Number of protein chains: 2
Amino acid sequence: MRTKTKSGAPALPLNQIVSGDCIEVMRSLPEASVDLIFADPPYNLQLKGELHRPDNSRVDGVDDAWDSFDSFSTYDRFTNEWLAAARRILKPDGAIWVIGSYHNIFRVGAALQNQGFWILNDVVWRKSNPMPNFRGKRLTNAHETLIWASKSDSSKYTFNYEALKALNEDVQMRSDWVLPICTGHERLKDEKGDKAHPTQKPQALLHRVLVGCTDPGDVVLDPFFGSGTTGAVAKMLGRDWIGIERDKGYIDVAEKRLSKVVAYDKGSLEVTRPKRAEPRVPFGQLVERGLLRPGEKLTSLNGRHVARVRADGTLVAERVTGKANPVGAVLNGSIHKVGATLEGAPSCNGWTYWCFRRDGKTVPIDALRQQIRSELR
Amino acid sequence: MRTKTKSGAPALPLNQIVSGDCIEVMRSLPEASVDLIFADPPYNLQLKGELHRPDNSRVDGVDDAWDSFDSFSTYDRFTNEWLAAARRILKPDGAIWVIGSYHNIFRVGAALQNQGFWILNDVVWRKSNPMPNFRGKRLTNAHETLIWASKSDSSKYTFNYEALKALNEDVQMRSDWVLPICTGHERLKDEKGDKAHPTQKPQALLHRVLVGCTDPGDVVLDPFFGSGTTGAVAKMLGRDWIGIERDKGYIDVAEKRLSKVVAYDKGSLEVTRPKRAEPRVPFGQLVERGLLRPGEKLTSLNGRHVARVRADGTLVAERVTGKANPVGAVLNGSIHKVGATLEGAPSCNGWTYWCFRRDGKTVPIDALRQQIRSELR
DNA sequence: TCTATACTTGAATCAGCAG
DNA sequence: ACTGCTGATTCAAGTATAG
């Protein structure tokens, strides 16, 4: 562990967790000494009451004291202070990553710009397994936002373009990253088996950030260290790290975690990537994209049934009048459901069952799905 | 076209493009008169060497740090002014969508929150075919961000949850939308074959916003109308629209475009309705109508509890004797209350929880409610 | 040991109406 | 504005249990 620099300047507490308030601690560190800062500040969630799942189980929300601020202006003051302290210790060519949600990220982004940081990208972490919206009142909140910014617009920031491209099947890395949330064995638990930290980030996220924006031997600082994901990945990747954390309990968790982390041997980088399945295309997209018009008539493959497209991507069919349905009731639902009901079958692949007409020809709607899939590749 | 309201208040210029500065025009419109605003404001792109104010005047070159600060504060002033004007004309239960990139969206989001708008979701438009980063210096900027906010935290905003779920293969719609950028036939061209507007948005994006957040007949206003995508999709979907645009050239393009747009037929615009919209049927009606007899035995879905129907439409259950209730007290109340108490749950939908027996089969009482509802139609 | 089913959980600003 | 009652609402993974 380094304790003194050659120049005699105050030393950096490398590969340690420093206990205390991150603003004070950062102010005590030497200026222009850190290559990268990764920050996961409080999101300032404003939860009102309790939330239950449809099965009546209670959602364990983030109601910790550290996430509570009495107003936007209190939160803004806090944000400006820690960002200013972070800016001071960054090297001129250094950079910062901050992660947040819509509750706080707009205020953080504006503060970054106001202080002279230069935004390089905003990155969307698309969660493959987010928590749904249980009451059906909003969209599933399925992503979080990261901001990547250099210290100034003239910084020669580190960007390992080729490494990220290699991580992405040799295609340029994009600003949207699909990654699962942190669960399973990676999620740290306490003695009772409960989660040790409410907002532990997945290592894969940090892996991508550190591979892309640091080199081995760089100094990475995390002012909101929490369960220590930044330190764990930095250690694995042979980067020096500094963690700052206020909560003794989290420090214990992180220290235990870091003691078990083994650095990769140099030159080895895991490259296992699952093969991608064909992307799912909702039928509604054909309507949204204008490939089929609401009101347009679809015919079944056998020609016996007709249905019309609606603006929300469902079909409406006039049911044939018969014993089971003397009034000819209207039938509405997905392409699969309507097809199955009309055929009296347990299931039906609507993509190959329903056809539309173009230029005098009858074509299964699956052709339109193929068209969309080819655009996605 | 409407020109005067019954009350004599100034009329809304429905289904027209109003020429002029959007701040001034919005200030001239009646307050609390618009259901939804969709805004695609200038992005304040900071291309090196040239800084532009929102009014397109060039910022004189000064010291870099001061220069950028000046640019941000000018942009913030502009943002706050148009948002305030937009807020005034929004109905109390109205909502706003704003689209932007990392250059401006953080400032827009913070301004929205500062003015009292209540953010409902931030949505990521993930472009399936973005422009690559040619120099390999950053990540491919493959998305834009939209913010959906209601006028206040108490607004009863419109959200057609079921319709968006239907558009997405019967899975809850998420906050990340994969859609291609506007190209091909949809992209408007001028006489020379060049693109008629630099940032024309795809119709699919507006389709999703308008199907999800408005009903037919709602008033949708776009203060930065541009090539008129908002108006075109609103017209197709049977919504009233108002466009405001400063540039005569864009007005010509949009007017030509709008004149060719054909609205979908009304029947196709109907969208899957929420269950709440169904007429309410008090449980007591099942007893009154003789569908259930007083004294009849109901069983819980899981088979663990039994209750009897009373003549006033309440249930009586013998509570299971146990530690918490050594005397096995009698429990009486609504189908919901009795179910919730027996399960120890915060709430319970008695309609799907309680079952009765007919012809040897166990059926949820909700089937009887369905029967009454179908008679009401 | 393998398979199928059941249960648990995740940074959440998560209801609407009648009286 | 407040109170109280009705009754609507979830997706993907991982782990635990049963067969």
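Proteins come first, then strands; the chains are lettered A, B, ... in the order of their sequence lines, and each starts at number 1. Predicted model, so just to flag it, every value in this text is computed and none were measured.
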Between B:D170 and B:W351, the residue closer to the 5' end of DNA chain D by nearest nucleotide is B:W351

Parallel, tilted or perpendicular for A:W82 and A:F224, by the 30°/60° rule? perpendicular

Closest to the B:S334 side chain: C:dA12, D:dT6, D:dG7? D:dT6

Checking C:dC17, C:dT13, D:dA13 against the side chain of B:K156 (C-beta onward), the nearest is C:dC17

With salt bridge (Lys or Arg N to Asp or Glu O under 4.0 Å) as the test, pick out the partner of A:K195 among A:D60, A:D190, A:D64. A:D60

Classify the side chain of A:R138 and the base of C:dT13 as holding, or not holding, a donor-acceptor pair under 3.5 Å. yes

Does A:D40 make a side-chain donor-acceptor contact with the base of C:dA11, cut-off 3.5 Å? yes

N/O donor-acceptor pair, side chain A:R53 with base C:dG10, under 3.5 angstrom: yes

If you take atom types as modelled and just measure distance, does the side chain of B:S347 reach the base of D:dA8 with a donor-acceptor pair under 3.5 Å? yes

If you check every side-chain atom of B:W118, which of D:dT9, D:dA13, C:dT13 has the closest atom? C:dT13

Between the side chains of A:D40 and A:K201, is the shortest nitrogen-to-carboxylate-oxygen separation below 4.0 Å, so that they form an ion pair? yes

Answer yes or no: side-chain N or O of A:K127 and base N or O of C:dA11 forming a donor-acceptor pair under 3.5 Å. no

Under 3.5 Å side-chain donor-acceptor pair for A:T183 and A:R187: no

Between A:R107 and A:D76, is there a side-chain N and carboxylate O pair less than 4.0 Å apart? yes

What nucleic acid atoms does A:G100 come within less than 4.0 Å of, heavy atoms only: base, sugar-phosphate, or nothing? nothing

From the candidates C:dT13, C:dA11, D:dG7, the one with an atom nearest any side-chain atom of A:L45 is C:dA11

Side chain of B:R369: nearest nucleotide among C:dA12, D:dG7, D:dT10? D:dG7

Span that lies between the C1' atom of D:dT10 and that of C:dC7, in whole angstrom: 15 Å

Quick one: is C:dG10 close enough that its OP1 or OP2 comes under 4.0 Å of any side-chain N or O from A:T183? no

Side chain of B:Q113 (C-beta onward), nearest among D:dG7, C:dG10, C:dT13: C:dT13

